[in-house]
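Here the structure is laid out as structure tokens; the discussion comes afterwards.
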Amino acid sequence: MEEQFSIVEDITDPSLMENILSRLDEIQLEDEEFMQILLSKQNEMVVTWDQPWYQMANCLTRPLDQSNCKETAMFRTDAICSDESKKIHKNWKKFQKNFDVPNKPICLARWKNKEKCRSPSTPEEFVRRFVISFLARGLERNLYQVHKHFLNRYGSLNKGKYWKYEENAMEVCLYHCPKNAVIYLSAVLSREPRGIYKRLWQMFNGKPERKKLKWTLQLATKFLKLLMEHSGETVVDNLKQKKFEKSVWLKLEGDIGQQYIYLQQFWQDELHVQLFVKADVKINKLRRKVFKTLRLYPYKVWTDIRWKEVAKHFADGFSHRFLYKICYFLVFKSINKLRTHPLEEVIIHGIEKSKLVPNKRLKTLVFNENKELEINIAF
DNA sequence: AGTACACCAGCTGAAAATCC
DNA sequence: GGATTTTCAGCTGGTGTACT
């Protein structure tokens, strides 16, 4: 793919589309073969372990219906954490070994019941449900959640920024076969379909425009007052760590004339920190503290770091994104392989660097009696 | 310091199949 | 023959993190 599509002169060239289709054929054949192997083991697929009630449903693709549920044992509803993901992977390895199937989870993740009957009682659905149940063993998750995670983790191996060849392939596919473009592309590029939708949509309609905003004390004051007004809070302190309804953000979007997503970020990463951190903070010292905190975790490389976890070690005014940013700034240039470089070396480097770069004080703010933001001169 | 953008997981309409 | 259950596909909001 990469070779053939890195330079495309004429997207209407039909041989390019043939190329995509033949790759698609290969993939579908591979998936079909894998499914046949699973089907041949169907007789051995018996649930021999205890399942919590929320793992007994038949449905993998719809959220679990809890409307008339009286059970007390509940599944988790937060995002699947890395330990859970590891557990799923372990279960997969176990499944693969016990049932002697090739190590190709991607085939099952890609497999779709298109032509055949969708009834849950068909052999294809049966084995699919069995595998997911097997993967869910020992997790406080329902099958829908595990299935979704399985698709995300194994269904699309290609993650990160889009490459030029991918965009070229998208254009070709969209030109020749707009109807199935997303599904085809998702398979041949091994990419999440949702990302491709967005991408194609942008290629067609252009990106939504973004206004430049210069944040000043006056503007921040206006923002804060509006945030209080729309959320019905009268005391600034009550805004700390508060989650606001989307309707609140939409009102702010209208008032300030900036997409609310950016306002949200400004609040979470900048203003919140400046308003609610009540201490004299020297940025470099803080950086060192963060780097040392990283050692408390078994992280091996930079990308293992779960910043929300790290942030728990700091006063509740700090957002995890703020901490991430001040540290990333020190290490990204010198260590360009953050994904593979041993974290300990990155930490050492970061700590050293923090002694060399100019030290700054966190500018904190107070909401004064005139109901205006001003720079906190206490520190 | 500010921006960009892909990932994750939840939700839902339409279609297909089954149940009663 | 209508209600129910399930898949696929489309969409979205919010989050995480990489880059300039």
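Just so we're on the same page: letters track the sequence lines, and every chain starts at 1. These values consider heavy atoms only, across backbone and side chains, with no hydrogens, waters or symmetry-generated copies. Keep in mind that what you see is a predicted model, and the values were worked out from it rather than measured.
Summarising the geometry, the separation between CG on Leu362(A) and P on dA1(B) is reported as 9 Å, rounded to the nearest angstrom. The interatomic distance linking Tyr324(A) (OH) with dG2(B) (C1') rounds to 13 Å, in whole Å. One can place NZ of Lys148(A) at 10 Å from C1' of dA9(C), the figure rounded to the nearest angstrom. Look at CD1 on Ile305(A): it is 9 Å from P on dT17(C), rounded to the nearest Å. Remark: C1' of dT12(B) and CZ of Arg194(A) are 13 Å apart, rounded to the nearest angstrom. Whole-Å rounding puts the Ile196(A) CD1 to dC8(C) C1' distance at 16 Å. We find that CG of Leu64(A) is positioned 13 Å from C1' of dG10(B), with the value rounded to whole Å. Taking atom CG on Asp269(A) and atom C1' on dT17(C), their separation rounds to 11 Å, with Å as the unit.
Residue contacts shown for Arg199(A) are limited to sugar-phosphate atoms, with no base heavy atom under 4.0 Å away. Tyr162(A) comes within 4.0 angstrom of the backbone, heavy atoms only, and of no base. Looking at heavy-atom distances under 4.0 Å, Tyr260(A) makes contact with sugar-phosphate atoms alone, never a base. Contact annotation for Asn58(A): backbone-only contact, meaning every heavy-atom pair under 4.0 Å involves sugar-phosphate atoms and none involves a base. Residue contacts for Arg129(A): at a heavy-atom cut-off of 4.0 Å it reaches no nucleic acid atom on any strand shown.
Between Tyr328(A) and dA1(B), a side-chain N or O to OP1/OP2 separation shorter than 4.0 Å is absent. The side chain of Arg191(A) places an N or O atom within less than 4.0 Å of a non-bridging phosphate oxygen (OP1 or OP2) of dC7(B). OP1 or OP2 of dA9(B) has at least one side-chain nitrogen or oxygen of His149(A) nearer than 4.0 Å. The side chain of Arg62(A) places no N or O atom within less than 4.0 Å of a non-bridging phosphate oxygen (OP1 or OP2) of dG13(B). One finds a side-chain N or O of Gln145(A) lying less than 4.0 angstrom from the OP1 or OP2 phosphate oxygen of dG10(B). Regarding contacts with the backbone of dA18(C), a side-chain N or O of Trp302(A) is found under 4.0 angstrom from either OP1 or OP2. Side-chain N/O atoms of Lys112(A) include one lying less than 4.0 angstrom from OP1 or OP2 on dA9(C). Between Asn152(A) and dA9(B) there is a side-chain N or O to OP1 or OP2 distance below 4.0 Å.
Of the N and O atoms on the side chains of Tyr154(A) and His89(A), at least one donor lies less than 3.5 Å from an acceptor on the other residue.
Closest contact between the side chain of Ile183(A) and the listed nucleotides dA9(C), dG2(B), dA4(B) involves dA9(C). Of the candidate nucleotides dG2(B), dT3(B), dC8(C), dG2(B) has the atom lying nearest to any side-chain atom of Glu270(A). Nearest to the side-chain atoms of Thr61(A) among the listed nucleotides dT6(C), dT12(B), dG13(C) stands dT6(C).
No path of Ile, Leu, Val, Met, Phe, Trp and Tyr side chains, each step under 4.5 Å between heavy atoms, connects Val127(A) with Tyr144(A), placing them in separate hydrophobic clusters. Leu330(A) and Ile348(A) fall into different hydrophobic clusters, where Ile, Leu, Val, Met, Phe, Trp and Tyr residues are linked whenever their side-chain heavy atoms come under 4.5 Å apart, directly or through other members.
Relative to the ring axis of Phe95(A), Arg137(A) does not place its NZ or CZ within 45° and under 6.0 Å from the centre.
Note: Phe99(A) and Phe130(A) meet the aromatic proximity criterion, with ring centroids under 6.0 Å apart.
Aromatic ring orientation, Phe150(A) versus Trp92(A): tilted (interplanar angle from 30° to 60°).
Taking only distance into account, the side chain of Arg321(A) never meets the base of dT15(C) through a donor-acceptor pair shorter than 3.5 Å.
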